Amino acid sequence: MNIPQTEHELIERAQNLAGLTLGDIAQQAGIEVPKNLTRNKGWIGLLLEHVLGASAGSRPEPDFPNLGIELKSLPINEQAKPLETTFVSVAPLTGLVGINWHNSYVRKKLAKVLWVPVISPKDQPITQRVVGTPFLWSPSAEEEALLAQDWQELTDMIVLGNVENIQGKHGQVMQLRPKAANSQAKTQAYDRHGKPFMTLPRGFYLKINFTHMLLHKYLRIN
DNA sequence: GCGTGATCATGA
DNA sequence: TCATGATCACGC
């Protein structure tokens, strides 16, 4: 699919997916649907990227660079509750001098997001899952304050050399969790004495309560 | 290993 | 039951 030239074109394209099953969409795109996502965890996101015309690749930039828009698929149940946390970005564990919320990568990444809910009951075949109503979101002042607060708490811990003490329970709406091939993966960080050491790579994730709140706000449901 | 796309699966 | 910690695939 070609790249959408305007925000309107992208939204329109996304809205045209609403109500379609992933089977329909994949068939139109000539893409084979996996039986399950165990070995294809990012498949739905990649399918949506493809049909919406996101520029492919794993470069650290928005999915639609010309529009400054990030695409996120969001698995939900029939009551429109998110079923999973939402990965935002890898967390820098070094080079944090001079970084604050305002110039942070998380803020940039979440500045403008096209959310595409996918009704994804675990017991339902991938082909029969249905795309919900997509919506374009930018953080409100209140939402940004929540994100900023969590980002600051987590980043403070990293800077102070406490990254290994961070657990998923930290943060009200955003958390820091492993983001790696497996638990043996290593990346550099600093300990409490400022000495480098190797630790598990982490990523920022939006908690379910946050994305649930966004769904309520934009879809006026429940 | 890093960054993209995430969901799996088990312990509490 | 469900959130946390673990894991899967791919390009480079």
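Source: prediction; values computed, not measured.
Of the possible donor and acceptor atoms, none in the side chain of Ser73(A) sits under 3.5 Å from a partner among the backbone N and O of Pro117(A). Listed for the Glu143(A) side chain is no donor-acceptor partner under 3.5 Å among the backbone atoms of Ala141(A). With hydrogens and angles ignored, the 3.5 Å screen pairs no side-chain donor or acceptor of Thr127(A) with any backbone N or O of Pro125(A). One N or O on the side chain of Ser138(A) and one on the backbone of Ala111(A) form a donor-acceptor pair closer than 3.5 Å. Under the 3.5 Å distance criterion, the side-chain polar atoms of His170(A) are matched with a main-chain donor or acceptor of Gln167(A). Proximity of a side-chain donor or acceptor of Asn40(A) to a complementary backbone N or O of Val33(A) within less than 3.5 Å is not detected. Between the side chain of Asp150(A) and the backbone N or O of Val173(A) there is at least one donor-acceptor pair closer than 3.5 Å. Side-chain atoms of Thr155(A) never come within 3.5 Å of backbone atoms of Gln152(A) as a donor-acceptor pair (strictly under, hydrogens ignored). Put simply, the side chain of Arg177(A) never gets that close to the backbone of Gly168(A): no donor and acceptor are under 3.5 Å apart. Between the side chain of Asn66(A) and the backbone N or O of Pro4(A), at least one donor-acceptor pair lies under 3.5 Å.
Atom pair Ile126(A):CD1 and dA6(B):P shows a separation of 14 Å (rounding to whole Å applied). In this structure, Leu47(A) atom CG and dT7(B) atom P are separated by 13 Å, rounded to whole Å. Between the P atom of dA9(C) and the CD1 atom of Ile44(A) lies a distance of 16 Å, rounded to the nearest Å. Put simply, NZ on Lys81(A) is 12 Å from P on dT1(C), counting in whole angstrom units. For the pair Glu49(A) CD and dG5(B) P, the interatomic distance rounds to 6 Å; values are reported in whole Å. One atom, CD of Gln79(A), and another, C1' of dC2(C), lie 15 Å apart when rounded to the nearest Å. In this structure, the NZ atom of Lys186(A) is 12 Å from the P atom of dT7(C), given to the nearest Å. What separates NE2 of His50(A) from C1' of dT4(B) is a distance of 17 Å, to the nearest Å.
At a threshold of 4.0 angstrom between heavy atoms, the contacts of Asp63(A) are confined to the sugar-phosphate backbone, with no base atom among them. Nucleic acid contact for Glu70(A): sugar-phosphate only, since backbone atoms but no base atoms lie under 4.0 Å from a heavy atom of the residue.
Between Leu17(A) and Leu48(A) there is a side-chain heavy-atom pair separated by less than 4.5 Å. A heavy-atom distance below 4.5 Å is found between the side chains of Trp151(A) and Phe204(A).
A heavy-atom distance below 4.0 Å to DNA chain B is reached by these residues of residues 198-209 of chain A, ordered by number: Tyr205(A). Within residues 152-159 of chain A, no residue approaches DNA chain C, by heavy-atom distance under 4.0 Å. Contacts between residues 168-180 of chain A and DNA chain C, defined by a heavy-atom separation below 4.0 Å, involve Gly168(A), Lys169(A), Gln175(A), Arg177(A), Pro178(A), Lys179(A), Ala180(A), listed by number. Contacts between residues 9-24 of chain A and DNA chain B, counted as heavy-atom distances below 4.0 Å, involve no residue at all. Across residues 86-108 of chain A, not one residue has a non-hydrogen atom less than 4.0 Å from an atom of DNA chain C.
With dG5(B), dC2(B), dT7(B) as the choices, the nucleotide that has an atom nearest any side-chain atom of Leu46(A) turns out to be dG5(B). Counting only heavy atoms from C-beta on, Lys41(A) has its side chain closest to dC8(C) among dT4(B), dG5(C), dC8(C). The side chain of Leu37(A) approaches dT7(B) more closely than any other nucleotide in the set dT4(B), dT7(B), dA6(B).
With the nearest nucleotide of DNA chain B identified for both Thr187(A) and Arg39(A), Thr187(A) has the one nearer the 5' end.
Taken together through direct or relayed side-chain contacts under 4.5 Å among Ile, Leu, Val, Met, Phe, Trp and Tyr, Ile99(A) and Val163(A) form part of one hydrophobic cluster. At a threshold of 4.5 Å between side-chain heavy atoms, the hydrophobic network of Ile, Leu, Val, Met, Phe, Trp and Tyr places Ile126(A) and Leu20(A) in one connected group. There is a path of hydrophobic side-chain contacts, each under 4.5 Å, that joins Leu176(A) to Leu110(A).
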List, with names and distances, any nitrogen or oxygen atoms from the protein found under 3.5 Å away from nitrogen or oxygen atoms belonging to nucleotides 9-12 of chain B.
none

Between the protein and nucleotides 10-12 of chain C, are there any N/O to N/O pairs under 3.5 Å, and if so, what are the atom names and distances?
none

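Residues passing the salt bridge (Lys or Arg N to Asp or Glu O under 4.0 Å) test with Glu153(A), sequence neighbours excluded: none. Every residue two or more places apart in sequence or in another chain that forms a ring pair (Phe, Tyr, Trp, His ring centres under 6.0 Å) with Tyr205(A) is listed here: Phe87(A). Taking the salt bridge (Lys or Arg N to Asp or Glu O under 4.0 Å) definition, one finds that Lys122(A) meets it with Glu84(A), sequence neighbours left out. Remark: Phe64(A) pairs with no residue by the ring pair (Phe, Tyr, Trp, His ring centres under 6.0 Å) rule, at least two apart or across chains.
The environment of NZ in Lys109(A) is crowded: more than 12 heavy-atom neighbours from other residues, nucleotides or ligands sit within 6.0 Å.
Note on Ser183(A): a side-chain N or O is less than 4.0 Å away from OP1 or OP2 of dT7(C). Phosphate contact (OP1/OP2 of dA6(B), side-chain N/O of Thr85(A), threshold under 4.0 Å): absent.
The list of salt bridge (Lys or Arg N to Asp or Glu O under 4.0 Å) pairs with a residue in residues 6-24 of chain A, not counting sequence neighbours, reads Glu7(A)-Lys112(A), Glu9(A)-Arg13(A).
Separation of atoms NE2 (His212(A)) and CG (Leu74(A)) is listed at 10.0 Å; rounding is to 0.5 Å.
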